[in-house]
Structure formats: structure tokens, C-alpha cells
Amino acid sequence: MTIERTAERLEALGHVTRLEIYRHLVRAGGDGLAVGDLQKRVGIPLTTLSHHLRKLVLVDLVTQERRGTTLICRANYAVMQAVLSFMTEECCADAKGCRAE
């Protein structure tokens, strides 16, 4: 993962509403949440939710699957882990006598 791609993903999560949406999806696990259920949990208009979801989908933090008339959203755990790993993989690499715990 590049520093540019990591920055895009962190920027997407840097908005309070998007972070809240993402946390709900992470909590939902692999089954994800239908957009209607997500809207009820977050308490924002559908158009606003769609706008924020689009940003998260564009950076691969969220995936979507259509089941009939229902759109299911899921956190992309592999990408989430890649972002976290990128942030921590070189922890203390330049520090003398420092060990990351």
C-alpha cells in the first residue's frame, strides 16, 4: 500500500459521519447492514448517507452487494487491516533502543 492510498482512506474516515457509518459496519461483522438499517442507526437522510457511503466505497473501505431491492454494505476488513498495518509496520524503526509494545 502506498502512502497516497493510505492518506485517501484516512481522509475518508476523517469525517465524523463517515467514521460513524464505518464503525456501525465494522460492528455489524461479515453480514453487513442494509442501507435502510444503517440509515436508522446513523439517523441521517438517505441522500446524505449515500453521499458518505460513496466516499467510503471509492477508497475500498466499504463494499456493497445488491440483494434484490436491498443494498447490503460491509466493512472491507482486509483494507482496514492494511491501513492499520501501514501505520504500525515501521513503528520505532528509526529510534535507538526503542521497542514497540
Side-chain angles (χ1 to χ4, degrees):
M1 178 175 311
T2 66
I3 196 165
E4 292 82 3
R5 192 65 170 152
T6 301
E8 289 173 351
R9 290 171 174 158
L10 291 173
E11 180 182 11
L13 292 173
H15 189 282
V16 173
T17 302
R18 283 194 291 274
L19 185 58
E20 182 180 5
I21 291 166
Y22 193 69
R23 289 187 69 202
H24 281 288
L25 293 175
V26 168
R27 290 177 55 102
D31 290 340
L33 289 171
V35 169
D37 293 335
L38 186 55
Q39 180 189 14
K40 288 176 190 170
R41 292 178 190 210
V42 179
I44 58 176
L46 186 57
T47 55
T48 304
L49 176 60
S50 295
H51 164 76
H52 289 300
L53 280 171
R54 183 172 53 252
K55 294 269 189 185
L56 294 169
V57 169
L58 285 174
V59 296
D60 298 324
L61 285 166
V62 171
T63 63
Q64 295 180 321
E65 173 191 357
R66 181 148 312 272
R67 287 191 194 154
T69 60
T70 304
L71 186 61
I72 305 296
C73 299
R74 291 183 186 87
N76 186 338
Y77 292 102
V79 170
M80 178 180 69
Q81 187 59 47
V83 169
L84 294 173
S85 292
F86 182 87
M87 297 301 296
T88 60
E89 68 189 3
E90 295 183 18
C91 181
C92 301
D94 296 334
K96 294 180 182 175
C98 176
R99 285 188 30 186
E101 308 263 341

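Owing to the predicted nature of the structure, the values given are computational and were not obtained by experimental measurement.
The hydrophobic cluster containing Met80 also contains Leu19, counting ILVMFWY residues as joined when their side-chain heavy atoms lie under 4.5 angstrom apart, directly or transitively. Taken together through direct or relayed side-chain contacts under 4.5 Å among Ile, Leu, Val, Met, Phe, Trp and Tyr, Ile21 and Val16 form parts of separate hydrophobic clusters. Residues Tyr77 and Leu58 do not share a hydrophobic cluster, clusters being chains of Ile/Leu/Val/Met/Phe/Trp/Tyr side chains in contact below 4.5 Å. By the rule that hydrophobic residues join a cluster once side-chain heavy atoms approach within less than 4.5 Å of another member, Val35 and Val62 end up as members of one cluster.
The closest donor-acceptor contact from the side chain of Thr48 to the backbone of Ile44 lies at 3.5 Å or more, if one exists at all. Judged purely by atom type and a 3.5 angstrom limit, Arg18 has no side-chain atom pairing as donor or acceptor with the backbone of Leu13. Under the 3.5 Å distance criterion, the side-chain polar atoms of Gln64 are left unmatched by any main-chain donor or acceptor of Val57. Side chain of Tyr22 to backbone of Leu56: no donor-acceptor contact under 3.5 angstrom is found.
Contacts of Arg5 classified as salt bridge (Lys or Arg N to Asp or Glu O under 4.0 Å), with partners at least two apart in sequence or in another chain: Glu8, Asp60. For the side chain to side chain donor-acceptor pair (under 3.5 Å) test, residues two or more places apart in sequence or in another chain that qualify with Glu65 are Arg74.
Residues Phe86 and Thr2 form no side-chain contact, since every pair of their non-hydrogen atoms from C-beta on lies 4.5 Å or further apart. Proximity of Leu10 to Val83: side-chain heavy atoms (C-beta onward) are separated by under 4.5 Å at one or more points. Proximity of Leu38 to Leu33: side-chain heavy atoms (C-beta onward) are separated by under 4.5 Å at one or more points. Contact check for Leu49 versus Leu53: side-chain heavy atoms found under the 4.5 Å cut-off.
Atom CG of residue Leu71 and atom CZ of residue Arg66 lie 5.0 Å apart, to the nearest 0.5 angstrom. The CG atom of Asp37 sits 7.5 Å away from atom CD1 of Ile72, with the distance rounded to the nearest 0.5 Å. Taking CG of Asp31 as the start and CG of Leu25 as the end, the distance is 12.0 Å to the nearest 0.5 Å.
For Met1, the CE atom sits in a packed shell: over 12 heavy atoms of surrounding residues, nucleotides or ligands are nearer than 6.0 Å. Atom CD of Glu89 has more than 12 neighbouring heavy atoms from other residues, nucleotides or ligands inside a 6.0 Å radius.
The ring-ring contact (aromatic ring centres under 6.0 Å, His included) analysis of residues 30-75, with sequence neighbours excluded, yields the pairs His15-His52.
Annotation for Leu46 and Gln39: closest pair N-NE2, 3.2 Å, computed over non-hydrogen atoms.
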